[in-house]
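Since the structure comes first, as structure tokens, the remarks are kept for the end.
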Amino acid sequence: MSFSSQVKDELVKTEYESACCKKALLYGMSIFGKSFTEEKISLQTENESIAELYLSLLKRLFNIDCTVRKSAGGRNLTVSVSKKSDAAKLFKAFGHETGSSLKINHSNFHCEKCVNAFIAGAFLSCGTASAPEKDYHLEFTVSYLNLSKSLLTLLEETELKPKCTERNGYRVVYFKESEAIEDCLYIMGASDAMFEMMNIKIVKDFRNKANRQANCETANINRMVNAVSVQIRAIEKIRKKKGIDYLPENLRALAKIRYDNPDMSLAELAQSCDPPLSRSGVNHRLQKIIEISKQI
């Protein structure tokens with residue numbers, strides 16, 4: 001099951017005690033459905049549970065019957081209000097008038113939880129959420145410009161910060177930040193999905209941190225190996241061409257220690273000198289040895 005389907009299944013199972021919240025849920029599902037006019041109201045979904053919920057709410061709240069039609073491939077279900085008179089009845093019950101621009105009618109919200117139920121209904125009709133293992137993205141795909149602006153404003157009023165774009169002729173209201181998506185899931189009532197997302201994010205952050213640390217350590221090891229390789233080649237060149245005694249006394253001892261101990265770090269080399277040197281002092285002398293080899 002996809003993460004988006006998981007969120008929707010959780011929202012379908014949410015119980016609302018107040019009739020006003022149930023109506024707000026139905027309103028969100030209807031206005032963001034496939035069609036919402038005085039003559040035709042319908043919802044299209046791949047999820048049978050969403051279709052059953054829509055049928056149930058229409059029958060229970062408005063005593064309206066619907067027809068259910070499957071697409072040719074059997075993937076999509078279209079739930080339509082059977083009679084034009086019932087469509088007009090529902091359209092007016094939600095406070096909309098023919099010919100007016102389609103916007104969210106806030107008079108349908110009678111308590112604090114109504115807005116949350118409405119947003120959940122909108123997500124059931126036109127929302128999707130990416131799997132958090134791959135990407136952080138939650139969106140509402142809206143057919144009408146003014147309706148998308150109305151949704152954007154409503155989400156902002158709930159202290160969310162959505163963004164909006166256009167894709168294939170539709171307006172898309174979306175979230176990309178993980179914290180904003182978690183807040184939106186919580187507001188809609190998908191708390192289980194929110195906690196799962198938070199757990200996945202913790203694991204991802206831990207893995208990313210471990211990978212960064214491992215990459216950093218690998219890079220440091222590679223730099224050290226390359227540096228030591230240059231130092232060993234310089235010492236070998238001096239030994240073959242001039243002999244190790246060609247080096248000044250203060251460099252000769254260090255050259256012998258480095259040549260015999262290629263795996264030693266600069267700090268370990270510093271402690272092996274007699275008397276001990278600083279790490280920067282060892283590095284300075286090794287650079288001198290490399291310069292001498294280049295002059296030969």
Side-chain angles (χ1 to χ4, degrees), residues 1-36 40-62 64 66-71 75-81 90 93-94 102 104-105 108-109 113-131 137-144 147-148 150-152 154-155 158 160 162 170-175 181-194 196-197:
M1 181 187 294
S2 68
F3 184 71
S4 190
S5 297
Q6 180 182 336
V7 173
K8 290 182 178 181
D9 281 352
E10 187 176 355
L11 295 180
V12 165
K13 295 173 184 175
T14 302
E15 295 288 340
Y16 296 96
E17 296 180 1
S18 303
C20 62
C21 292
K22 294 175 183 177
K23 181 183 175 183
L25 175 68
L26 176 62
Y27 181 43
M29 296 178 75
S30 299
I31 197 171
F32 289 99
K34 184 180 180 182
S35 57
F36 186 76
K40 185 177 181 181
I41 294 177
S42 64
L43 176 145
Q44 189 175 70
T45 180
E46 298 177 6
N47 191 313
E48 289 187 10
S49 298
I50 294 175
E52 290 172 1
L53 175 63
Y54 193 57
L55 285 165
S56 173
L57 288 171
L58 282 170
K59 187 66 176 178
R60 192 185 317 163
L61 298 177
F62 294 97
I64 290 177
C66 294
T67 57
V68 181
R69 180 173 54 85
K70 282 191 175 183
S71 62
R75 183 177 178 182
N76 291 323
L77 295 169
T78 302
V79 185
S80 304
V81 174
L90 187 63
F94 286 130
L102 194 59
I104 297 170
N105 185 352
N108 290 295
F109 309 142
K113 295 181 180 179
C114 281
V115 172
N116 297 356
F118 174 80
I119 296 171
F123 186 84
L124 288 172
S125 283
C126 69
T128 57
S130 300
H137 188 88
L138 184 148
E139 70 177 35
F140 300 82
T141 305
V142 186
S143 302
Y144 305 99
L147 184 58
S148 69
S150 190
L151 176 61
L152 193 74
L154 180 68
L155 292 172
T158 59
L160 296 173
Y170 290 90
R171 299 288 293 181
V172 179
V173 179
Y174 68 95
F175 300 96
I181 295 172
E182 289 163 9
D183 290 343
C184 187
L185 291 173
Y186 180 76
I187 285 172
M188 292 191 298
S191 55
D192 288 348
M194 178 197 71
E196 180 176 339
M197 182 175 175

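Residue numbers start at 1 and run along the sequence shown.
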Once you round to the nearest 0.5 Å, how far does [atom1] of [X] lie from [atom2] of [Y]?
X    : Y    : atom1 : atom2 : result
L43  : L55  : CG    : CG    : 9.5 Å
L57  : K22  : CG    : NZ    : 8.0 Å
L77  : Q44  : CG    : CD    : 9.0 Å
L155 : I187 : CG    : CD1   : 8.0 Å
F62  : L26  : CZ    : CG    : 6.0 Å

Specify the closest pair of heavy atoms between [X] and [Y], including all atoms of both residues, with the distance to one decimal.
X    : Y    : value
R171 : Y144 : CG-O, 4.4 Å
F94  : N105 : O-ND2, 3.0 Å
I181 : H137 : CD1-N, 3.3 Å
A24  : F109 : CB-CD2, 4.3 Å
V173 : S148 : CG2-O, 3.8 Å
L58  : C66  : CD1-SG, 3.1 Å

For S150, enumerate each residue passing the side chain to side chain contact (heavy atoms under 4.5 Å, CB included) test, keeping only those at least two apart in sequence or located in another chain.
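Side chain to side chain contact (heavy atoms under 4.5 Å, CB included) list for S150, sorted by chain: K103, I104.
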Listed partners of S42 passing side chain to side chain contact (heavy atoms under 4.5 Å, CB included), at least two apart
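Expected list: K34, S35, K40, T78, S80.
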Report the C-alpha separation of L185 and L138 in whole Å, then their side-chain angles, then the decisive distance to 0.1 Å, and conclude whether the side-chain contact (heavy atoms from CB on, under 4.5 Å) test is met.
CA-CA 9 Å; L185 291 173; L138 184 148; 4.0 Å; yes
For L147 and F36, run side-chain contact (heavy atoms from CB on, under 4.5 Å): C-alpha distance rounded to whole Å, both residues' side-chain angles, the deciding distance at 0.1 Å, then the answer.
CA-CA 11 Å; L147 184 58; F36 186 76; over 6 Å; no
Steps toward side-chain contact (heavy atoms from CB on, under 4.5 Å) verdict (F140, V172):
CA-CA 6 Å; F140 300 82; V172 179; over 6 Å; no
Would you say that F32 contacts L151 through its side chain, given a criterion of any heavy-atom pair below 4.5 Å between the two side chains?
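Yes, side chains in contact.
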Evaluate the side-chain proximity of L25 to L53: yes if any heavy-atom separation is below 4.5 Å, no if none is.
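SC-SC contact between L53 and L25 confirmed.
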Salt bridge (charged side-chain N to carboxylate O under 4.0 Å, His left out): which pairs involve residues 43-59, sequence neighbours left out?
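Qualifying pairs: E46-R75, K59-D65.
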Check residues 114-130 and write down every donor-acceptor pair under 3.5 Å in which the side-chain atom is one partner and the other belongs to a residue at least two apart or another chain.
| unit_1 | atom_1 | unit_2 | atom_2 | d |
| --- | --- | --- | --- | --- |
| S125 | OG | M29 | O | 2.6 |

Show every side chain to side chain donor-acceptor pair (under 3.5 Å) that has at least one partner inside residues 7-17, sequence neighbours left out.
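Checked against side chain to side chain donor-acceptor pair (under 3.5 Å) - neighbours excluded - the pairs reaching residues 7-17 are D9-N47.
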Short question: side chain of S2, backbone of S5 - any donor-acceptor pair under 3.5 Å?
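It does hold such a pair.
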Can you name the residues that form a ring pair (Phe, Tyr, Trp, His ring centres under 6.0 Å) with Y170, not counting sequence neighbours?
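Y170 satisfies ring pair (Phe, Tyr, Trp, His ring centres under 6.0 Å) with no residue once adjacent residues are dropped.
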